[in-house]
Each structure stands twice: as structure tokens, then as C-alpha cells.
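One-based numbering, in listed order, for ligands and for the atoms of each.
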Amino acid sequence: MSATDVTRTQVGIVGAGPAGLVLGHLLHLQGIESVILEDRDRAYVEGRVRAGVLEQGTVDLLIEMGVGERLKREGLVHHGVELRFGGKGHRIPFDELTGGRGITIYGQQEVVKDLIGARLEAEAPLLFEVDDVRPAGIESDSPVLRFRHEGEERELRCEVVAGCDGYHGVCRSAVPDGAFSYRERTYPFGWLGILAEVEPSSEELIYCHHDRGFALHSMRSPEVTRLYLQCEPDEDIERWPDERIWEELHTRFTCEGWSLKEGPIVEKGVTPMRSFVSEPMQHGRLFLAGDAVHIVPATGAKGLNLAVADVRVLAEALVRWFSAGDETLLENYSETCLPRVWKAQHFAWWMTSMFHRMPDDRDGFTARLQRAELEYVCSSKAAATTLAENYVGLELEDV
Ligand code: FAD
Ligand code: PHB
């Protein structure tokens with residue numbers, strides 16, 4: 001039977017981002033059937049440039065799942081990060097402060113490519129370019145996903161629906177009004193991000209505080225640099241020709257004895273900064289995971305890692321339920337995940353608040369507080385450890 005003929009499955013997964021694909025593969029490894037429905041085409045999903053920082057727990061899981069071969073070869077392991085302010089750099093040594101832990105730089109789209117490859121090799125159903133997905137019957141024990149595919153109206157009967165369809169997805173709105181409570185902050189700025197074909201100007205990431213706004217130096221490989229600039233939340237990318245981007249980056253990253261390498265810009269985009277949490281993360285037979293249920297501002301590099309942490313919990317709960325009929329872990333899904341979500345939310349908010357220029361800071365009071373806090377983080381081992389252990393990712397048993 002081809003993927004397009006399936007009308008019934010155990011877990012209907014909406015969205016082939018990191019959350020949906022990791023969940024699908026974890027279930028497959030345990031012999032549980034799923035169908036993944038994705039509204040975009042494969043090339044779009046594999047080419048979408050987003051996250052780059054993987055926590056150790058994320059890396060370990062991808063390796064355990066058998067999708068970590070390329071990640072092990074190509075991922076760049078970092079043991080520290082630079083905080084730059086007042087034109088000077090200060091290194092936070094993750095390994096010294098966290099008992100040898102670090103992060104791995106490996107693009108989200110590479111993770112997605114590896115997972116799609118594994119899914120197709122396993123011949124497990126993954127439908128791209130589905131339209132108008134409509135979850136129904138989530139309060140019953142046989143929820144349905146209706147959608148259109150290749151011009152035909154289709155219906156997929158499931159035992160459980162996993163909403164892994166990101167912040168703008170449809171699953172969250174399938175619950176009755178009032179079933180979820182939402183808490184959110186939008187920040188008065190966004191990030192303009194670029195990919196440039198040039199070797200990174202530094203071996204590690206640089207988070208830079210500057211009077212003109214935040215800037216971040218990251219990378220994807222020894223040949224590709226990823227850079228971000230704080231901008232207006234609704235910034236018009238047309239106003240940012242390449243020369244203006246480089247000029248602004250040079251200004252913000254100014255530091256004695258260091259220079260930023262320029263290369264052709266191959267990708268440009270603007271991302272708003274938002275914090276959002278829905279509580280709980282489940283209703284009836286619908287379970288939400290990843291950006292569909294929480295958004296963190298990118299300054300903490302936590303979004304992808306949280307998405308993976310959610311589906312790891314969800315997969316274990318589903319396996320227990322399908323294999324032993326024990327519903328306890330599923331019932332506790334939100335309670336298990338939310339403490340980690342809120343800790344990551346706090347860290348991302350803290351990093352965001354410490355680094356970005358606040359538009360209403362007329363007399364520079366907030367900027368002075370930020371400098372004081374940055375100086376403290378870089379001079380106190382306790383404060384540096386707080387940053388380091390959150391950045392590399394809290395151990396599962398700590399949350
Ligand atoms: P998504 O990746 O959004 O996937 C959802 C999928 O569902 C998509 O493929 C979408 O096309 C599909 N979909 C949506 N609606 C429907 C529908 N109606 N029907 C079917 N399919 C649908 N996180 C980190 O951990 N580290 C970082 O360094 C980091 N940097 C970031 C930098 C930027 C610029 C941005 C924008 C984000 C960054 N993040 C980072 C966050 C991270 O990218 C997200 O948290 C991550 O993509 C969440 O994965 P997800 O699978 O939950 O959602
Ligand atoms: C990235 O490399 O895209 C990146 C790195 C660190 C962040 C956010 C994004 O905090």
C-alpha cells in the first residue's frame with residue numbers, strides 16, 4: 001500500500017518539522033504506525049534555514065535513533081561562547097563550568113534532511129503538499145484528520161493526533177475555546193538573519209551587545225557563516241541591501257584585533273521575537289509539541305531543542321500506551337514537559353533582555369543595567385555557570 005492510500009493509522013502527525021519527524025521516527029523504531037502530513041513541498045522543508053545550535057541531549061537522541069551519522073561527521077562541537085560588549089570579548093567556557101559539556105552546531109535543515117531520509121528509507125508514510133488539514137473528533141477515541149492531497153479529499157482515522165505543525169499551524173485551534181490558556185510576550189524588535197559563503201570569523205559563537213542593537217555571529221560549516229542583526233519587528237528586508245548589512249555588522253561587532261570576514265550573501269530573512277506558551281499541551285486525543293505549543297525568542301537557541309525534548313516524552317508515553325495499555329505517561333505529558341518549557345522560556349527571555357537595545361530606553365538606563373549584568377556574568381563564576389548550564393541544556397533529571 002502506498003503512503004497515499006493509507007486511511008487509518010495509530011498516530012496522525014501534522015507537520016514535518018523537527019518535532020513531527022523525530023516523533024515519527026521514534027514511533028517507527030518501536031513498531032508504532034504513524035502518518036505525517038506536511039503542507040509544504042520537500043525542497044522547501046529541507047531548505048528552510050532556521051536553528052543551528054543542538055544541545056548534547058538532542059545530539060545524543062539523534063545518534064541513538066540512528067540518524068546521527070552525518071551529524072557526527074559534520075557537526076561542529078563548541079566548548080564555549082563569546083559575549084562581546086563595550087568593544088571587548090569575554091569567553092564563557094562551557095566545558096569548565098558544566099563538567100565537560102558543550103553544544104553542536106549543525107543546521108536544522110540538515111537535521112530535517114537526515115530525518116526525511118530515514119523516514120523514506122523506512123517506507124513510512126510522509127505526505128508533502130497536503131492542503132487544508134482539519135483535525136476533528138479529538139475528544140472522542142477515534143480522531144480524524146481530513147485534508148486534501150493531489151486534488152482529492154482524504155480522511156485519515158487515527159487513535160491519537162500529534163500537532164507538530166508549528167506556531168501558525170491548525171491543530172492548536174482544534175481545541176474548544178477556553179481549554180488552553182495562552183501566555184505570551186512580543187518583543188519590540190526582530191532579527192535580520194543572513195547566510196554568507198565565507199569562513200566564520202571566529203571559532204565560536206559571538207553574542208554582541210551594542211548601542212545600535214544586538215548582533216550574533218554563528219556558522220553552519222567551516223565555509224558558511226550565519227549572522228544576525230537586531231532590527232524592527234516588521235523590518236522591510238528591501239531596505240537592507242547587502243552593503244548596508246555588512247556595514248551594520250562591522251559597526252556592531254567592532255573589537256580590537258578582530259575583523260569580520262565578508263562573503264556572498266546567499267540567504268536573507270527577518271524573524272520576529274516572541275515568547276508564547278499554551279497550557280496544557282494536550283486535549284483529549286490531541287497532543288501538541290514544539291513550536292505548535294510554545295515559542296521562545298531565538299536568543300537562547302532553545303526552540304528546536306525543546307521541540308525534540310517534547311516529542312521524546314510523547315513518544316515514550318505513546319509506546320507505553322500502545323504496548324501496555326498504560327495511559328499514565330500520556331495523561332502526564334503536559335505536566336512532564338512544562339517545567340522544562342518554562343525554564344527554557346526564562347533563559348531565552350533573560351538572554352533576550354540582556355542583549356537587545358530597548359527602543360523606549362530614552363536615557364540609557366536599561367542599557368546601563370544590561371552592561372552591569374553582562375559584566376557580572378563575565379566576572380562571577382556563579383553567574384557564568386548559570387548561563388553555561390542553561391545554554392548547553394539542563395539535564396533531563398533537573399527538569
Ligand atoms: P516547525 O519547524 O515550525 O515545523 C512545523 C511544520 O509543520 C512545518 O514543516 C510546517 O510547514 C508544517 N505545517 C504548518 N502548518 C501546517 C498545516 N496546517 N498542515 C500541515 N503541515 C503544517 N532553535 C534552537 O533550538 N536553536 C537555535 O539556534 C535556533 N535558532 C533559530 C533561528 C531562527 C532565525 C528561527 C526562526 C528559529 C530558531 N530556532 C532555534 C527555533 C527553531 O527553529 C524552532 O523552534 C523549530 O523549528 C521548532 O520545530 P517544530 O517541528 O516544532 O516546528
Ligand atoms: C544560529 O546559528 O542560527 C543561531 C545560533 C544561536 C542562536 C540563534 C540562532 O541563539
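- Using 4.0 Å as the threshold, Tyr106 has no heavy atom nearer than that to any atom of ligand 2.
- In this structure, the side chains of Leu21 and Val67 stay at 4.5 Å or more apart for every pair of heavy atoms.
- Across the listed options Met273, Arg40, Glu38, Gln109, Glu38 owns the non-hydrogen atom lying nearest to atom 10 (C) of ligand 1.
- Here is the list of ligand 2 atoms found below 4.0 Å of a heavy atom in Leu205: 5 (C), 6 (C).
- Follow the hydrophobic side-chain contacts under 4.5 Å out from Trp191 and you never reach Val270; the two are in separate clusters.
- For the atom pair Leu192 CG and Ile237 CD1, the distance stands at 4.0 Å (nearest 0.5 Å).
- If you look at Thr271 next to ligand 1, the close heavy atoms, those under 4.0 Å, all belong to the side chain.
- A 4.5 Å side-chain heavy-atom check between Val81 and Glu204 finds every atom pair outside the cut-off.
- Annotation: Tyr182, atom OH; neighbour count of heavy atoms from other residues, nucleotides and ligands within 6.0 Å is above 12.
- Among protein heavy atoms, the minimum distance from atom 51 (O) of ligand 1 is reached at Ala19 N, 2.9 Å.
- Residue contact check: Gly169 has heavy atoms under 4.0 Å from atoms 15 (N) of ligand 1.
- Looking from atom 14 (C) of ligand 1 to the surrounding protein, the closest heavy atom is Asp165 O, 3.1 Å.
- Between Gly107, Gly52, Ser218, it is Ser218 that holds the heavy atom closest to atom 2 (O) of ligand 2.
- The ligand atoms of ligand 1 that sit less than 4.0 angstrom from a heavy atom of Leu37 are 20 (C), 21 (N).
- Cation-pi geometry between Arg183 and Trp342 is not met: the NZ or CZ atom fails to fall both under 6.0 Å from the ring centre and inside 45° of the normal.
- Glu375 and Arg371 are joined by a salt bridge, as a carboxylate oxygen and a charged side-chain nitrogen come within less than 4.0 angstrom of each other.
- Arg226 CZ to Ile194 CD1: the interatomic distance, rounded to the nearest 0.5 Å, is 8.5 Å.
- The residue among Asp39, Asp132, Leu21, Val296 with a heavy atom at the shortest distance from atom 22 (C) of ligand 1 is Asp39.
- Close contacts of ligand 2 with Ala298, meaning ligand atoms under 4.0 Å from a residue heavy atom, involve 7 (C), 8 (C), 10 (O).
- Near Trp191, meaning under 4.0 Å from one of its heavy atoms, ligand 2 places the atoms 8 (C).
- Per-residue contacts place Val133 under 4.0 angstrom from the following atoms of ligand 1 (heavy atoms of the residue considered): 19 (N).
- Among the atoms of Ala301, some N or O lies under 3.5 angstrom from an N or O of ligand 1.
- Atom CD of Glu153 is surrounded by more than 12 heavy atoms from other residues, nucleotides or ligands within 6.0 Å.
- Looking at Val53 and Leu205, their side chains come closer than 4.5 Å, going by heavy atoms from C-beta outward.
- Considering CG of Leu318 and CD of Glu327, their distance stands at 10.5 Å, rounded to 0.5 Å.
- Residue, atom and distance of the protein heavy atom nearest to atom 44 (C) of ligand 1 are Asp291 OD2, 3.3 Å.
- Distances below 4.0 Å separate heavy atoms of Tyr207 from the following atoms of ligand 2: 6 (C), 7 (C), 10 (O).
- Ligand-side atoms of ligand 1 in range of Val170: 18 (N), range being under 4.0 angstrom from any heavy atom.
- For Glu223, there are no salt bridge (Lys or Arg N to Asp or Glu O under 4.0 Å) partners two or more places apart in sequence or in a different chain.
- Heavy-atom proximity to Val53, at under 4.0 Å, picks out these atoms of ligand 2: 5 (C), 6 (C).
- Taken to the nearest 0.5 Å, the CD atom of Glu110 stands 9.0 Å off from the OG atom of Ser221.
- Under a hydrophobic-cluster definition in which Ile, Leu, Val, Met, Phe, Trp and Tyr are linked whenever side-chain heavy atoms come within less than 4.5 Å, directly or via other members, Val111 and Leu71 are assigned to the same cluster.
- Atoms of ligand 2 found under 4.0 Å from any heavy atom of Tyr228, numbered from 1 in the order shown, are 1 (C), 3 (O), 4 (C), 9 (C).
- A distance of 12.5 Å separates NZ of Lys268 from CG of Leu195, quoted to the nearest 0.5 Å.
- One hydrophobic cluster, built from ILVMFWY side chains closer than 4.5 Å, holds both Phe147 and Val14.
- Looking from atom 4 (O) of ligand 1 to the surrounding protein, the closest heavy atom is Gly17 CA, 3.4 Å.
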Pair up each side-chain donor or acceptor in residues 23-31 with any protein partner under 3.5 Å, not counting sequence neighbours, and list the distances.
from, atom 1, to, atom 2, distance (Å)
His25, NE2, Met65, O, 3.3

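- Short contacts between ligand 1 and Gly290, defined as distances under 4.0 Å to a heavy atom of the residue, involve ligand atoms 52 (O).
- For the pair Arg220 and ligand 2, a heavy-atom separation below 4.0 Å is found.
- Scanning the protein for heavy atoms near atom 5 (C) of ligand 1, the closest one is Cys164 O, 3.4 Å.
- From the protein, the heavy atom lying nearest to atom 49 (O) of ligand 1 is Pro18 CD, 3.5 Å.
- Closest heavy-atom approach to atom 42 (C) of ligand 1 within the set Arg48, Gln108, Glu129, Arg50: this belongs to Gln108.
- Only side-chain heavy atoms of Tyr228 come within less than 4.0 Å of ligand 1; its backbone N, CA, C and O stay farther off.
- Atom 25 (O) of ligand 1 has Leu304 N, 2.8 Å as its closest protein atom, hydrogens excluded (heavy atom only).
- In this structure, CD on Glu184 lies 4.5 Å from OH on Tyr167, to the nearest 0.5 angstrom.
- Those atoms of ligand 1 with a heavy atom of Gly52 less than 4.0 angstrom away are 27 (C), 28 (O).
- Within ligand 2, counting atoms from 1 as listed, the ones closer than 4.0 Å to a heavy atom of Arg50 are 3 (O).
- At a heavy-atom distance under 4.0 Å, no atom of Ser218 approaches ligand 1.
- Contacts between Val14 and ligand 1, counted as non-hydrogen atom pairs separated by less than 4.0 Å, involve the side chain only.
- Near Asn305, the atoms of ligand 1 lying under 4.0 angstrom from a non-hydrogen atom of the residue are 25 (O).
- Ligand 2 lies nowhere less than 4.0 angstrom from a heavy atom belonging to Gln108.
- Between Glu55 and Lys302 there is a salt bridge, with a side-chain nitrogen of the basic residue lying less than 4.0 Å from a carboxylate oxygen of the acidic one.
- Ranking the protein heavy atoms by distance from atom 30 (N) of ligand 1 puts Ala51 CA, 3.2 Å first.
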